[in-house]
Amino acid sequence: MKFKRYTAVDILTTLEKQKIVNFLYDHLEEFGDSKQSITAALDYALTTAPMAGGFILLAEENEKIIGTVVMNQTGMKGYIPENILVYIAVHRDHRGKGLGKKLMEESMFYTKGDIALHVEPENPARFLYEKVGFDNKYLEMRLKRN
């Protein structure tokens with residue numbers, strides 16, 4: 001297994017990006033988002049705009065994606081965490097082998113500043129986040145507008 005990290009200085013082809021979008025869409029399962037939302041998060045991670053950006057981290061085995069992380073910078077240092085872990089997914093055939101923890105550790109190594117994430121209470125990944133040091137300090141509330 002090897003890790004690959006993509007940032008704004010890397011050129012990701014349309015085909016490579018679509019491969020990542022499809023992987024996340026398939027392996028996030030019921031905790032995932034639309035392909036359009038996933039694409040937007042990837043685009044944000046790879047932007048060169050000031051106060052934005054982030055990275056995409058892939059775990060690959062035999063040239064196939066077996067895990068990925070999308071980390072976005074918030075540009076809001078000082079009053080909310082500087083980074084938000086938008087997506088983490090492990091291929092269903094590789095779950096339960098510690099890959100999620102390795103992805104988290106590798107991501108934390110490349111991230112400067114605090115990290116926030118959103119997780120649904122019934123998502124089993126919540127226990128992984130707690131193991132690597134995340135805690136639940138706030139109750140998130142949202143107002144959705146159409």
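These numbers come from a predicted model, not from an experiment. Just so you know, these numbers use all the heavy atoms, side chains as well, and skip hydrogens, waters and symmetry mates.
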ILVMFWY network linking [X] to [Y], side-chain heavy atoms under 4.5 angstrom:
| X | Y | result |
| --- | --- | --- |
| V132 | F109 | yes |
| L46 | Y110 | no |
| F31 | I38 | no |

If you look at every heavy atom in [X] and [Y], which pair is closest and at what distance?
| X | Y | value |
| --- | --- | --- |
| I88 | L103 | CD1-CB, 4.0 Å |
| V70 | A45 | CG1-CB, 4.2 Å |
| Q73 | Y44 | O-OH, 2.9 Å |
| F134 | I115 | CE2-O, 3.4 Å |
| K112 | N83 | O-ND2, 2.7 Å |
| Y25 | D33 | CD1-O, 3.4 Å |

Can you run down the salt bridge (Lys or Arg N to Asp or Glu O under 4.0 Å) pairs that involve residues 57-75, sequence neighbours left out, and say none if there aren't any?
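Sorted result for residues 57-75: K4-E60.
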May I ask you to decide if [Y]'s main-chain N or O and [X]'s side chain share a donor-acceptor pair within less than 3.5 Å?
| X | Y | result |
| --- | --- | --- |
| R5 | L57 | no |
| N123 | E120 | no |
| T74 | E82 | yes |

List in chain and number order the residues that pass ring pair (Phe, Tyr, Trp, His ring centres under 6.0 Å) with H118, two or more places apart in sequence or in another chain; answer none if no residue qualifies.
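Expected list: none.
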Could you tell me whether the side chain of [Y] reaches within less than 4.5 Å of the side chain of [X], counting heavy atoms only?
| X | Y | result |
| --- | --- | --- |
| M1 | K102 | yes |
| L58 | I66 | no |
| H91 | I65 | no |
| F55 | Y6 | no |
| E122 | E30 | no |
| L128 | K101 | yes |
| V69 | Y87 | no |
| L42 | K17 | yes |

Could you measure the distance from the [atom1] atom of [X] to the [atom2] atom of [Y]? Nearest 0.5 Å is fine.
| X | Y | atom1 | atom2 | value |
| --- | --- | --- | --- | --- |
| L85 | T111 | CG | OG1 | 8.0 Å |
| M76 | D114 | CE | CG | 14.5 Å |
| I11 | E16 | CD1 | CD | 10.0 Å |

If you apply the rule side-chain contact (heavy atoms from CB on, under 4.5 Å), what do you find for I20 with Q18, and how did you get there?
CA-CA 5 Å; I20 297 167; Q18 196 58 48; over 6 Å; no
Between the side chains of Q36 and T39, is a donor N or O closer than 3.5 angstrom to an acceptor N or O?
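Distance-only check fails for Q36 and T39.
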Tell me yes or no: between the side chains of Y129 and D135, is some donor less than 3.5 Å from an acceptor?
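Checked: Y129/D135 side chains show no N/O donor-acceptor pair below 3.5 Å.
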What verdict does the side-chain contact (heavy atoms from CB on, under 4.5 Å) test give for F23 and T68, after you've listed the backbone C-alpha separation in whole Å, the side-chain angles of each residue and the deciding distance to 0.1 Å?
CA-CA 8 Å; F23 177 86; T68 190; 3.6 Å; yes
Taking NZ, NE, NH1 and NH2 as the nitrogens, is one of them in R92 or E29 under 4.0 Å from a carboxylate oxygen of the other?
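Salt bridge between R92 and E29, a charged N being under 4.0 Å from a carboxylate O: yes.
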Within 6.0 angstrom of [X] [atom1], more than 12 heavy atoms from elsewhere:
| X | atom1 | value |
| --- | --- | --- |
| K19 | NZ | yes |
| K131 | NZ | no |
| F3 | CZ | yes |

Should M71 and M108 be marked as a side-chain contact (heavy atoms from CB on, under 4.5 Å) after you check the CA-CA gap, both sets of side-chain angles, and the distance that decides it?
CA-CA 10 Å; M71 186 79 69; M108 291 186 302; 6.0 Å; no
Walk me through it: do K35 and N22 pass the test side chain to side chain donor-acceptor pair (under 3.5 Å)?
CA-CA 7 Å; K35 288 184 178 184; N22 289 338; 3.0 Å; yes
